[in-house]
Every structure is written in structure tokens, then in C-alpha cells.
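Residue numbers count from 1 along this sequence.
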Amino acid sequence: VLESLVGRSFLPRGTGIVTRRPLVLQLYNTRQDTLEDGDEDEEPDEVVDDREWGEFLHVPGKKYFDFAAIREEIVAETDRLTGKNKGI
């Protein structure tokens, strides 16, 4: 359900994958616009940058622009806290 709301695939996949460790992941979607003649009251002439990224609470200041890297960080942080051989 979460991935369908976001429109991106970023959660770990596989047999026996269960989320047992709470993570705070903030996902951002911003758009930077350029206006002709600097008039801020008009609609933008051209969108110059669409940006999506995620940030984890346990890694302050680091932005993840690749959603595969977000998936890898979820797995890595779960392994760091719970260990690799605990069946989680």
C-alpha cells in the first residue's frame, strides 16, 4: 500500500521479508520552477528540475536520490540492529 501511494518501489522484497525494525523515512517530492522576467505572480514557463529523494532519521543530512539505495539502506539498518542470522 505504501509503495502505491508513493508511486515508487523501495521496500525490500523476497521470501520471508518482514519489517521488524521501525525506521523513520521521509520522502520528498519538490519541483523547482523558472519564471520568465522574474515575475513570481505568473505561471512558470519551464520546469527545470523535478526532484524526489528520501532521508532517514538514523542518517541525518544524507539524501538518497536512488530508490534502490533506499531499499539497500533499509536492509542494512535492519541487519545492523537485529543481526543477519536472526531470521528477521
Grab the two heavy atoms, one from Ile74 and one from Pro12, that are nearest each other, plus how far apart they are. CG2-CG, 3.7 Å
Are the aromatic ring centres of Tyr64 and Phe10 under 6.0 angstrom apart? no
For Val59 and Glu73: C-alpha separation, side-chain torsions, deciding distance, then whether side chain to side chain contact (heavy atoms under 4.5 Å, CB included) applies. CA-CA 10 Å; Val59 188; Glu73 181 57 28; 3.9 Å; yes
Cationic N near anionic O, under 4.0 Å, Arg8 to Glu52: yes
Taking the side chain from Arg51 and the backbone from Thr30, do they hold a donor-acceptor pair closer than 3.5 Å? no
Locate the shortest heavy-atom distance separating Glu55 from Lys62; write the atom from each residue and the value. CG-O, 3.7 Å
Can you check side chain to side chain contact (heavy atoms under 4.5 Å, CB included) on Leu27 and Phe67, steps first, answer last? CA-CA 10 Å; Leu27 299 173; Phe67 281 77; 4.1 Å; yes
Would you check, one step at a time, whether the test side chain to side chain contact (heavy atoms under 4.5 Å, CB included) holds for Leu23 with Leu57? CA-CA 8 Å; Leu23 293 170; Leu57 185 62; over 6 Å; no
Check which hydrophobic residues are tied to Trp53 through side-chain heavy-atom contacts below 4.5 Å, counting indirect links as well, and list them. Tyr28, Phe65
